[in-house]
K.L.:
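First the structure, then my questions, so here it is.
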Amino acid sequence: MDLIAPTRAAFRLLFSGDAELWHIIWTSLYCSLIAIALITPPAVALGFVIARAAFPGRRAIVVLVQALLSFPTVVVGLTIYMLLSRHGPLGFLQLLFTPEAIIIAYMVIAFPVMVVFTLAAVQAADPRVFETARGLGAGRLRASWTTLVEVRFGIMAAVFNGFGRVISEVGAAIIVGGNIAGLTRNMPTAIALETSKGEFAQGIALGFVLITLALAINAALSVLQGEGGLK
């Protein structure tokens, strides 16, 4: 297959300001960023609690969260579809086939990734940080915040990996979003659609954007970590 012609066409689309193409890119970024912003606080909090607290069922929760990492995203999408469908328990919200439904799916997909990364970061932290903060008169909440600041590079990795997980997600987005042009069509679903039609130019253009985003995410993480992240 000749890739030169569609690659040239892809670059022409990207730099011509094609409204449809840039709306697809915007939809992907909007849904991914909102989902990560909403799910970060509860995911980091749960990861911290699991790492620091001892309670019955802790091991079972760890196993469950780790198992969710390999949960097929199409099953996540199907589950959310049934919840949001007209006859589902949340059907009255009328969110199916909207960007909000995709955001919900992205939150569910990113949640276990961020919990596991936070859990690993907090477990690897020096426990004397928390105890020292408590010894200096800090309350539990303040001492916990001090520990999270100490493991901020691990928290950053959790956020960036969660974003990387959802920005390229396609299965759940198609099921709950419907791949509707001008509304819920995003980069992965558009690539799948254009490829199925034999229209490779737009698919390659969006592929370039996805690859660029992946490189940018890793570069940003490396910059934010600085020398501290290499210790």
K.L.:
Could you list all the salt bridge (charged side-chain N to carboxylate O under 4.0 Å, His left out) pairs where at least one residue sits in residues 27-53, not counting sequence neighbours?
P.N.:
R52-E131
K.L.:
Can you tell me how far apart CD1 (I34) and CG (L38) are? Round to the nearest 0.5 Å.
P.N.:
6.5 Å
K.L.:
Strictly distance-based, threshold 3.5 Å: is any side-chain N or O of T132 a donor or acceptor partner for the main-chain N or O of V129?
P.N.:
no
K.L.:
Answer yes or no: are there more than 12 heavy-atom neighbours, outside R58 itself, under 6.0 Å from its atom CZ?
P.N.:
yes
K.L.:
If you count every heavy atom of other residues, nucleotides or ligands that lies below 6.0 Å from L136 atom CG, does the total exceed 12?
P.N.:
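Counting neighbours around CG of L136, more than 12 heavy atoms of other residues, nucleotides or ligands fall under 6.0 Å, so yes.
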K.L.:
For residues 96-125, which side-chain N or O atoms pair as donor and acceptor with protein atoms under 3.5 Å away, sequence neighbours left out?
P.N.:
{"residue": "T98", "atom": "OG1", "partner": "L95", "partner atom": "O", "Å": "2.4"}
{"residue": "T98", "atom": "OG1", "partner": "E100", "partner atom": "N", "Å": "3.4"}
{"residue": "T98", "atom": "OG1", "partner": "E100", "partner atom": "OE1", "Å": "3.3"}
{"residue": "T98", "atom": "OG1", "partner": "A101", "partner atom": "N", "Å": "3.3"}
{"residue": "Y106", "atom": "OH", "partner": "N186", "partner atom": "ND2", "Å": "3.0"}
{"residue": "T118", "atom": "OG1", "partner": "M114", "partner atom": "O", "Å": "2.7"}

K.L.:
Within this structure, what is the CZ-CG distance for the pair F92 and L84, rounded to the nearest 0.5 Å?
P.N.:
10.0 Å
K.L.:
Assess the residue pair L93 and L90 against the criterion (side-chain contact (heavy atoms from CB on, under 4.5 Å)); give the C-alpha distance rounded to whole Å, side-chain angles, the decisive distance to 0.1 Å, and a yes or no.
P.N.:
CA-CA 6 Å; L93 295 175; L90 300 178; 4.2 Å; yes
K.L.:
Would you check if the side chain of S196 reaches a backbone N or O of L193 as a donor-acceptor pair within less than 3.5 Å?
P.N.:
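Flag set: sc S196 to bb L193 pair under 3.5 Å.
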K.L.:
Give a yes or no on whether the backbone of R185 and the side-chain of T189 come within a donor-acceptor separation of less than 3.5 Å.
P.N.:
no
K.L.:
Check for me, please, whether I36 and V44 land in the same ILVMFWY cluster - side-chain distances under 4.5 Å, paths through other members count.
P.N.:
no
K.L.:
Counting only N and O atoms by type, is there a donor-acceptor contact under 3.5 Å from the side chain of S32 to the main-chain atoms of F163?
P.N.:
no
K.L.:
Could you grab the distance from atom CG of L46 to atom CD1 of I61, nearest 0.5 Å is fine?
P.N.:
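Result: 7.0 Å between the selected atoms.
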K.L.:
Does V149 share a hydrophobic cluster with M156, counting links as ILVMFWY side-chain heavy atoms below 4.5 Å and allowing steps through other members?
P.N.:
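No, V149 and M156 fall in different hydrophobic clusters.
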K.L.:
With heavy-atom distances below 4.5 Å as the criterion, would you say the side chains of T146 and F130 are in contact?
P.N.:
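SC-SC contact between T146 and F130 ruled out.
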K.L.:
Cluster question for you: counting only ILVMFWY and a side-chain heavy-atom cut-off of under 4.5 Å, with indirect links fine, are L78 and L68 together?
P.N.:
no
K.L.:
Could you state the interatomic distance from CG (D18) to CD1 (I25), rounded to the nearest 0.5 Å?
P.N.:
9.0 Å
K.L.:
So which heavy atom on G164 is nearest to which on S168, and how close?
P.N.:
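Closest approach of G164 to S168, heavy atoms only: O-OG, 3.4 Å.
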K.L.:
Check the hydrophobic clustering (I, L, V, M, F, W, Y; side-chain heavy atoms under 4.5 Å; chains of links allowed) and say if V170 and L69 are grouped together.
P.N.:
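No; L69 is not reachable from V170 via cluster members.
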K.L.:
Same cluster or not: W22 versus L183, using hydrophobic residues (I, L, V, M, F, W, Y) connected whenever any side-chain heavy atoms lie under 4.5 Å apart?
P.N.:
yes
K.L.:
Apply the test side-chain contact (heavy atoms from CB on, under 4.5 Å) to residues M187 and T27: give CA-CA distance (whole Å), side-chain angles for both, the deciding distance (0.1 Å), then the verdict.
P.N.:
CA-CA 8 Å; M187 288 190 282; T27 301; over 6 Å; no
K.L.:
Quick one, L29 with I167, criterion side-chain contact (heavy atoms from CB on, under 4.5 Å). Give me CA distance, side-chain angles, the key distance, then yes/no.
P.N.:
CA-CA 7 Å; L29 292 174; I167 191 67; 4.3 Å; yes
K.L.:
Whether the side chain of E20 engages the backbone of I24 through a donor-acceptor N/O pair (distance < 3.5 Å, no angle test) should be reported.
P.N.:
no
K.L.:
Please name the pair of heavy atoms, one in A190 and one in L206, separated by the smallest distance, quoted to 0.1 Å.
P.N.:
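A190 and L206 have their closest heavy atoms at CB-CD1, 3.5 Å.
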K.L.:
For G207 versus I191, what's the shortest heavy-atom pair and its separation?
P.N.:
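Closest pair (atom of G207, atom of I191, distance): N-CD1, 3.8 Å.
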K.L.:
Count the heavy atoms of every other residue, nucleotide or ligand shown that sit under 6.0 Å from OH of Y81, and state whether that count exceeds 12.
P.N.:
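Not buried by this count: 12 neighbours or fewer within 6.0 Å.
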K.L.:
Has the side chain of R165 got a donor or acceptor atom that lies under 3.5 Å from a matching backbone atom of E169?
P.N.:
no
K.L.:
Is the shortest side-chain heavy-atom distance between D126 and E150 below 4.5 Å?
P.N.:
no
